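Proteins get letters first, then strands, A, B, ... in listed order; numbering begins at 1 in each. Model, not experiment: these values are computed from the prediction.
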2 protein chains.
Amino acid sequence: MTLSEEDYIKAIFLLSKDVEKGISTNAIAMQMDTKASSVTDMIKKLADKGLVHYKKYQGVRLAEKGRTYAAKIVRKHRLWEFFLVEKLNFTWDEVHDIAEELEHIKSEQLIEKLDAFLDFPRVDPHGDPIPDKDGNIAKVDKVLLSSAKKGERGIVVGVKDSSSEFLRYLDKLKIALGKEITILNKEPFDNSVLIELDSHKISISALTANNIYLKTI
Amino acid sequence: MTLSEEDYIKAIFLLSKDVEKGISTNAIAMQMDTKASSVTDMIKKLADKGLVHYKKYQGVRLAEKGRTYAAKIVRKHRLWEFFLVEKLNFTWDEVHDIAEELEHIKSEQLIEKLDAFLDFPRVDPHGDPIPDKDGNIAKVDKVLLSSAKKGERGIVVGVKDSSSEFLRYLDKLKIALGKEITILNKEPFDNSVLIELDSHKISISALTANNIYLKTI
DNA sequence: ATTTATTTTTAGACAAAGCTAAAAATTTGT
DNA sequence: ACAAATTTTTAGCTTTGTCTAAAAATAAAT
């Protein structure tokens, strides 16, 4: 499995997260910042290897083989992110690009030993679940802040957008994993949300609220 | 700098270790398990980039730029090896291939934080010195066991061959970094060396003795 | 000092992965 | 339902790094 093939498989895996249908060529091209024609070429190769199911113009789905392979890459990515934050003192907005490289290191033994060294973490620094060694992913129950109702309370358990810009913005707002939030009001005009956080009231834009996951309590 | 270019630069760096003259095309091909013609091609590219000095048929030398680049790769390799042994409990014969992949991870910040996390180690698990962040390497004074004189004593501080086969053989002999060795006798017939180790007398072949470094005391 | 052997380089091909531009299929809009 | 717009695929080219086989240069040997 080449570096590039791994990147494609992972991209398809991540795009399949909430989607039932086949993933479109363009969606993959977008996600990977490449051209649709390149995607078509690669998909054919992956189909030949039995990693994806593909019929022309019908989009692509992961085959079981491809799904577990992808989950293992994601496992590596998230374990390395956890390592970077917990052991090397990186911040949550700095780790993605480095983990993007580390996720391709091949040794199974390495990743199992790393997992043990980290004491078997369940989620990465952005709250995303770490697949187990067989590629199974625990379902985390969480709702978007944007869909929580007035009066509800919750703990921040994840983010949808984990770009460094967004994460640094959350730092500025003092929003972090584990923080408790109460929804005081929702403004119908622009869908902004008034919340209470650390005994302060702050207003959160709809866009921001749509990228924060809560576990309601 | 591509993966492949990094591999070549590192190979040339390691081959230049004890050699003054230019490194031959064949030597590089041997070291990297590739063909001489491929080496010639790559050397030209590296020369174009100012990383090596090259005149046809004259072998190749690292330019200063190439030397420090290579030293940084070696730094990364050896720091990762140290991490694998000290933190993840790998044995010294298992770490080379994994470090071979890890050494290509790009982030400077990563390697400085790793260095701090490991508490600034000076040598890797095989006794090889870890270059500093600017690519300087401390000269370790050490002699081959094969060249030590009868009656001398020393501490094992390194190995020349760090193949897993050799390292596992040393494990079997109970020879490890830090062990004290006394040279009891040298056999002129086959250049084998009789040593005392842990109050036992054992005989070491010339080949083995030629791959163990001592610091005499 | 030539011939022989070895080493190194060149020339030409190939596979991987990407791109552009054009063609084909599908979807959308009226 | 059919023309227009969009998406996807194909065809052909490029770059990177590799290889084989042949040619050129250097080193070794008698």
Side-chain angles (χ1 to χ4, degrees), chain A residues 1-16 19-63 66 69-70 73 100-101 103-104 106, chain B residues 1-16 19-63 66 69-70 73 100-101 103-104 106:
Chain A
M1 195 87 161
T2 69
L3 234 163
S4 192
E5 287 171 337
E6 290 194 349
D7 285 337
Y8 275 93
I9 283 289
K10 192 185 78 161
I12 297 166
F13 177 83
L14 295 177
L15 289 168
S16 303
V19 180
E20 262 310 305
K21 318 171 305 179
I23 307 302
S24 80
T25 303
N26 258 3
I28 298 168
M30 190 95 77
Q31 166 95 4
M32 299 196 58
D33 196 30
T34 183
K35 294 294 148 71
S37 55
S38 307
V39 174
T40 302
D41 286 349
M42 181 55 87
I43 284 174
K44 284 181 187 167
K45 204 198 300 186
L46 296 174
D48 287 347
K49 294 193 172 187
L51 294 159
V52 301
H53 299 299
Y54 169 63
K55 279 196 298 271
K56 279 192 194 178
Y57 298 99
Q58 304 296 122
V60 68
R61 281 163 208 275
L62 284 177
Y69 198 105
I73 299 172
E100 206 72 8
E101 294 185 59
E103 73 190 8
H104 296 291
K106 298 281 183 237
Chain B
M1 196 88 161
T2 69
L3 233 163
S4 192
E5 287 171 337
E6 288 194 351
D7 285 335
Y8 275 94
I9 284 289
K10 193 186 80 164
I12 297 167
F13 178 82
L14 294 177
L15 289 168
S16 304
V19 179
E20 262 311 305
K21 316 171 306 177
I23 307 301
S24 80
T25 303
N26 258 3
I28 298 167
M30 190 93 77
Q31 166 95 2
M32 299 196 57
D33 195 31
T34 184
K35 295 294 148 69
S37 55
S38 307
V39 174
T40 302
D41 286 349
M42 181 56 87
I43 283 174
K44 284 180 187 167
K45 203 197 302 186
L46 296 174
D48 286 348
K49 293 193 172 187
L51 293 158
V52 301
H53 299 299
Y54 169 62
K55 278 196 299 268
K56 278 188 192 182
Y57 297 100
Q58 303 296 123
V60 68
R61 281 162 209 275
L62 284 177
Y69 197 105
I73 299 171
E100 205 72 9
E101 295 186 59
E103 74 190 6
H104 296 292
K106 298 281 183 237

Short side-chain N/O contact to D:dT18 OP1/OP2 from B:Thr34, under 4.0 Å: no
Presence of salt bridge, B:Lys10 and B:Glu100, under 4.0 angstrom: yes
Sugar-phosphate, base or nothing in reach of A:Ser4, heavy atoms under 4.0 Å: sugar-phosphate
Atom pair CD (A:Glu5) and NE2 (A:His104), whose distance is rounded to the nearest 0.5 Å: 11.5 Å
Taking every non-hydrogen atom, the tightest pair across A:Lys106 and B:Glu101: N-OE1, 3.1 Å
Value in whole Å for how far the C1' atom of C:dA16 lies from OH of A:Tyr8: 12 Å
Whole angstrom value for the distance that separates P of C:dA24 from OH of A:Tyr57: 9 Å
Table please: side-chain donor-acceptor pairs of residues 23-31 of chain B below 3.5 Å, with sequence neighbours left out.
from	atom 1	to	atom 2	distance (Å)
B:Ser24	OG	B:Ala27	N	3.0

Non-hydrogen side-chain atoms of B:Val39 and B:Met32 separated by less than 4.5 Å: no
Value in whole Å for how far the P atom of C:dT9 lies from NZ of B:Lys56: 8 Å
d(CG, B:Asp41; P, D:dT20) in whole Å: 13 Å
Nucleotide C:dC19, atom P - distance to CG of A:Asp33 in whole Å: 9 Å
For atom CD1 of A:Ile43 and atom P of C:dA16, their distance in whole Å: 17 Å
Most 5' of A:Gln58 and A:Met32 on DNA chain C, judged by nearest nucleotide: A:Met32
N or O in side chain of A:Tyr54 less than 4.0 angstrom from D:dT9 OP1/OP2: yes
Whole-Å distance separating the CE atom of B:Met42 from the C1' atom of C:dT10: 17 Å
Touch class at under 4.0 angstrom, heavy-atom based, for A:Thr40 against every strand present: base
Upstream residue (5' side of DNA chain C) when A:Glu5 and A:Ser37 are each assigned their closest nucleotide: A:Glu5
Rounded distance in Å - CG (B:Asn26) to P (D:dT26): 16 Å
